[in-house]
Amino acid sequence: MSTALVNLLDATFAKLKSTGKTALIPFITVGDPDPETTLDILAVLEQAGADIVELGVPYSDPLADGPVIQRASERALAHQITVETCIQTAVKAKARGISLPFVLFTYYNPVLQIGLPRFFDLLQEAGISGLIIPDLPYEEAAEVLALADAANVRLIPLVAPTSSGRITQILARARGFVYCVSSLGVTGERASFHASVDEFIASVKAETDLPVAVGFGISNREQVERFSGICDGAVVGSAIVRKIEETLPLLGSESTKDQGLLQIRDFVAQLRV
Ligand SMILES: O=P(O)(O)OC[C@@H](O)[C@@H](O)c1c[nH]c2ccccc12
């Protein structure tokens, strides 16, 4: 009998479900402000109570990203961060004892640059649990899904309020969890959300047994609490990336780096509901 490979992402959601908790899922851009500090930030995200981390691969043309994450990508690209170095960051984080499941977040072009077979070999070797490719072409999704499944990597789909006609098709191929985009447009903190976001999330949950997480715009504890009642995970990206940006002066000096890291940790810890 083939023993199903354990996937840390699945195990994490199962544990959270048994304790009735919602996953706190930070997104950060790898290499922002530099590769070494990214490892320190991952350590404080774990200390702050994050359950899963989205590791963003910086990209020169981040079409779905707002200005905060665009600036983070620019800072990271100044260090020539590639998909490989992002995957290596996960390996180094594990070597430091960080045991969070990692979801690699990358646009499709950097994946094509290194080729699908090598990309998935690297993911499997690194023990990366999940993968999100926001601009994955529909006609290539089946091939990518087969490679992801073979590499024990969960290919997580994004569904948006505008996906309505295709949600059933998207969910049929979903793995790991379903990422519901709360609003139209690009990433970035928001004071309010798409009017029918609750119904949208409920409609997705009704069609899948997978955990459902929501992202786009969630930037404070009140918003995390609001979504915790109706879904299994909350993704917070821009608000955390902005906090990193605000602490750059502290992070940039050995004598004040720990102070900067503590500010990031405290910001994320107060999001933990
Ligand atoms: O930044 P926000 O508004 O908190 O949204 C999460 C988002 O950063 C992260 O999941 C993400 C980063 N880049 C993306 C591109 C498309 C969809 C999602 C993303």
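Indexing begins at 1, ligand by ligand and atom by atom, following the structure's order. Sequential numbering from 1 along the given sequence is applied to the chain's residues.
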Colleague: So which bit of F27 gets within less than 4.0 Å of ligand 1, heavy atoms only: side chain, backbone, both or neither?
Modeller: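 Near ligand 1, F27 shows its side chain, while the N, CA, C and O stay back.
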Colleague: Is the number of heavy atoms from other residues, nucleotides or ligands within 6.0 Å of CD (E222) greater than 12?
Modeller: no
Colleague: Is there a heavy atom of G217 sitting under 4.0 angstrom from any atom of ligand 1?
Modeller: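 Checking ligand 1 against G217, which is what was asked, there is a heavy-atom contact under 4.0 Å.
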Colleague: Among all the protein's non-hydrogen atoms, which is closest to atom 4 (O) of ligand 1, and how far away is it?
Modeller: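 Its nearest protein heavy-atom neighbour is G237 N, 2.8 Å.
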Colleague: For K15 and T12: C-alpha separation, side-chain torsions, deciding distance, then whether side chain to side chain contact (heavy atoms under 4.5 Å, CB included) applies.
Modeller: CA-CA 5 Å; K15 181 163 153 274; T12 298; 5.8 Å; no
Colleague: What residue and atom, counting heavy atoms only, is the protein's closest point to atom 17 (C) of ligand 1, and at what distance?
Modeller: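 Scanning the protein heavy atoms, the shortest distance from atom 17 (C) of ligand 1 goes to F216 CE1, 3.2 Å.
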Colleague: Evaluate L131 against F119 for side chain to side chain contact (heavy atoms under 4.5 Å, CB included), listing each step before the verdict.
Modeller: CA-CA 11 Å; L131 172 64; F119 175 67; 3.8 Å; yes
Colleague: Nearest to atom 19 (C) of ligand 1, what protein heavy atom do you find, and at what distance?
Modeller: F105 CZ, 3.2 Å
Colleague: Near G188, which atoms of ligand 1 are under 4.0 Å from a heavy atom of that residue?
Modeller: 1 (O), 2 (P), 3 (O)
Colleague: Taking N7 for the side chain and N152 for the main chain, is one N or O donor matched with an acceptor at less than 3.5 Å?
Modeller: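 Judged by distance alone, yes, a pair lies under 3.5 Å.
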Colleague: Below 4.0 Å from ligand 1: does a non-hydrogen atom of G56 turn up there or not?
Modeller: no
Colleague: Examine L158 against ligand 1 and note whether any of their N/O atoms are separated by less than 3.5 Å.
Modeller: no
Colleague: Identify the protein heavy atom lying closest to atom 6 (C) of ligand 1, giving its residue, its atom name and the separation to 0.1 Å.
Modeller: Y179 OH, 3.4 Å
Colleague: Show your reasoning for whether side chain to side chain contact (heavy atoms under 4.5 Å, CB included) applies to D232 and K17.
Modeller: CA-CA 8 Å; D232 308 296; K17 185 172 182 175; over 6 Å; no
Colleague: Using distance alone, decide if ligand 1 has a nitrogen or oxygen within less than 3.5 Å of any nitrogen or oxygen in D65.
Modeller: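 Between D65 and ligand 1, an N or O pair is found under 3.5 Å apart.
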Colleague: Looking at K243, is its backbone amide N or carbonyl O close enough to the side chain of Q263 to form a donor-acceptor pair, meaning the two atoms are under 3.5 Å apart?
Modeller: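 No.
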Colleague: Just verifying a value: how many Å separate I41 CD1 and D34 CG, rounded to the nearest 0.5 Å?
Modeller: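 Taking CD1 in I41 and CG in D34, the distance rounds to 8.0 Å.
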Colleague: Could you identify the single nearest non-hydrogen protein atom to atom 9 (C) of ligand 1 and state the distance to 0.1 Å?
Modeller: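 That would be E54 OE1, 3.5 Å.
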Colleague: Quick check: closest heavy atoms across I240 and P26, and the distance to 0.1 Å?
Modeller: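 Residues I240 and P26, closest heavy atoms: CD1-CB, 3.5 Å.
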Colleague: S238 versus ligand 1: do any nitrogen or oxygen atoms come within less than 3.5 Å of each other?
Modeller: yes
Colleague: Just need the protein heavy atom nearest to atom 7 (C) of ligand 1, so name the residue and atom and give the distance.
Modeller: T187 CG2, 3.6 Å
Colleague: Counting only heavy atoms, which portion of I69 has something under 4.0 Å from ligand 1: side chain, backbone, both, or neither?
Modeller: side chain
Colleague: When you compare the side chains of D266 and Q270, does any donor N or O come within less than 3.5 Å of an acceptor on the partner?
Modeller: no
